[in-house]
Amino acid sequence: MEIRVLRGFIAVVQEEGITAAADVLRISQPALSRQIKELEEEMGATLFVRGNRGRSLELTHEGQLLYRRAREIVELADRTKSEIVAGERIEGDVHIAAAQSAVMDVLAKAAVHVRELHPGVRFQLHDDFGENIVERLNNGLADFGVLVQPADMSRYDHFALPGGDPMGLLMREDDPLAAKEAICPEDMQGLPLLMPRGALSRRDISGWFGKGLRPFDVVGNMNLSYNASRFVRAGYGYALSLTGLVDTAEGSGLAFRPLEPPVHASLSLAWKKDQPLTPAAQAFLDCVREVVDWRRA
């Protein structure tokens with residue numbers, strides 16, 4: 001597969017048609033059509049559902065899989081070219097895949113310091129949850145991952161980030177539970193709850209319930225607390241969340257109460273073992289260590 005052909009395939013998907021994609025790529029429509037046909041022959045699969053003339057192209061299952069991988073391949077190729085061009089100069093992109101957390105303040109301070117020292121460094125943030133963060137790290141699409149613990153760290157170099165975000169319950173501000181200072185296991189009985197995907201897989205609060213208590217009713221899961229907060233405010237249910245991720249000030253329509261006994265999420269900064277960091281990524285890591293040392297002093 002040629003990178004050029006994959007770029008054409010991605011453009012067809014994003015522009016929802018060959019004619020529009022050809023205009024964006026500044027090539028002829030017949031040439032792009034021929035590329036797509038040859039790509040299908042190489043893959044041994046039909047990539048698009050050809051509908052009526054006026055309808056946009058739709059991806060087949062095989063096309064969806066290729067689209068996902070093609071974007072990763074092209075992104076990795078672009079990153080590699082950028083790193084080679086930069087050489088030993090401290091410039092270019094640093095990619096960080098991270099779970100949502102207030103501990104990102106540490107990384108933000110480090111990023112500010114890096115930019116003061118090296119204005120040519122840029123930061124690309126990828127908000128996600130555990131499995132996707134690990135995939136980006138393993139595929140070389142992220143220099144660093146911020147992973148909620150516990151997690152399998154055997155493939156990474158890593159260190160713990162300071163602090164531990166308190167976990168709690170996000171609710172409407174007019175909910176009766178908002179009158180409480182904290183939420184105990186008995187309060188959670190039978191509540192319709194939106195759960196973070198990572199918290200489900202890690203079973204973050206499985207040991208928090210006492211014997212004889214009925215688990216909560218999971219009515220959905222989410223990656224981003226902000227999106228979940230819109231559901232909470234609309235009355236869909238409650239959301240398990242870390243503190244400080246959404247606005248819960250008076251008048252926001254939302255309230256956050258910590259769990260009692262307290263549950264804290266610990267996070268680590270991870271990067272792939274035996275994989276050399278770019279000069280920009282190394283400069284960022286050095287600054288993160290400085291910020292962490294300063295906070296612990």
Side-chain angles (χ1 to χ4, degrees), residues 97-108 125-134 145-151 160-269 295:
Q100 285 192 316
S101 168
V103 82
M104 290 297 289
D105 288 344
V106 173
L107 304 191
L125 303 179
H126 308 273
D127 297 323
D128 226 317
F129 70 105
E131 293 177 5
N132 287 358
I133 294 172
V134 165
V146 178
L147 294 171
V148 181
Q149 299 303 311
L161 294 170
D165 292 354
M167 191 171 289
L169 194 65
L170 189 67
M171 66 195 76
R172 288 169 56 105
E173 64 179 356
D174 59 359
D175 191 281
L177 289 177
K180 297 175 67 71
E181 293 294 323
I183 303 300
C184 64
E186 290 78 11
D187 296 325
M188 297 271 283
Q189 296 302 282
L191 292 185
L193 193 65
L194 285 161
M195 286 279 286
R197 282 193 174 87
L200 273 174
S201 61
R202 291 187 305 270
R203 301 180 63 81
D204 283 352
I205 61 172
S206 61
W208 184 70
F209 283 92
K211 291 183 178 179
L213 294 180
R214 181 167 56 89
F216 39 77
D217 178 21
V218 177
V219 295
N221 43 54
M222 78 285 194
N223 294 340
L224 300 177
S225 292
Y226 177 81
N227 291 344
S229 74
R230 303 301 92 184
F231 276 60
V232 172
R233 196 168 67 172
Y236 182 77
Y238 302 77
L240 189 70
S241 177
L242 300 178
T243 186
L245 298 185
V246 296
D247 179 17
T248 56
E250 185 177 352
S252 67
L254 297 168
F256 177 88
R257 297 294 179 266
L259 301 183
E260 180 60 45
V263 177
H264 290 83
S266 58
L267 296 99
S268 294
L269 183 70
R295 288 182 61 133

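The chain is numbered in sequence order, starting from 1.
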CG on L169 to CZ on F256, rounded to 0.5 Å: 8.0 Å
Minimum heavy-atom distance A98-I133, with the two atoms named: C-CD1, 3.6 Å
Where L267 and A265 come nearest, the two heavy atoms and their spacing: CD1-O, 3.7 Å
For the student: nearest non-hydrogen atoms of E260 and P185, plus distance: O-CD, 3.4 Å
CG on L259 to CE on M188, rounded to 0.5 Å: 6.0 Å
Nearest-0.5 Å distance that lies between atom CD in Q149 and atom CG in L161: 9.5 Å
Nearest heavy atoms of R257 and M171, plus distance in Å: CG-CE, 3.9 Å
Interatomic distance, I183 atom CD1 to L177 atom CG [nearest 0.5 angstrom]: 4.5 Å
Whether D165 side chain and A102 backbone form a donor-acceptor pair below 3.5 Å: yes
For V106 against P162, the heavy-atom pair lying closest together: CG2-CG, 4.0 Å
Pairwise distance CG(L254) to OG(S229) - rounded to 0.5 angstrom: 5.5 Å
Value rounded to 0.5 Å, distance of CZ in R233 from OG1 in T248: 12.5 Å
Smallest separation among heavy atoms of L194 and V219, with atom names: N-CG2, 4.4 Å
Q100 (side chain) donor-acceptor with S225 (main chain) under 3.5 angstrom: yes
Minimum side-chain heavy-atom gap L269-L107 below 4.5 Å: yes
Side chain proximity check, M222 to P196, heavy atoms < 4.5 angstrom: yes
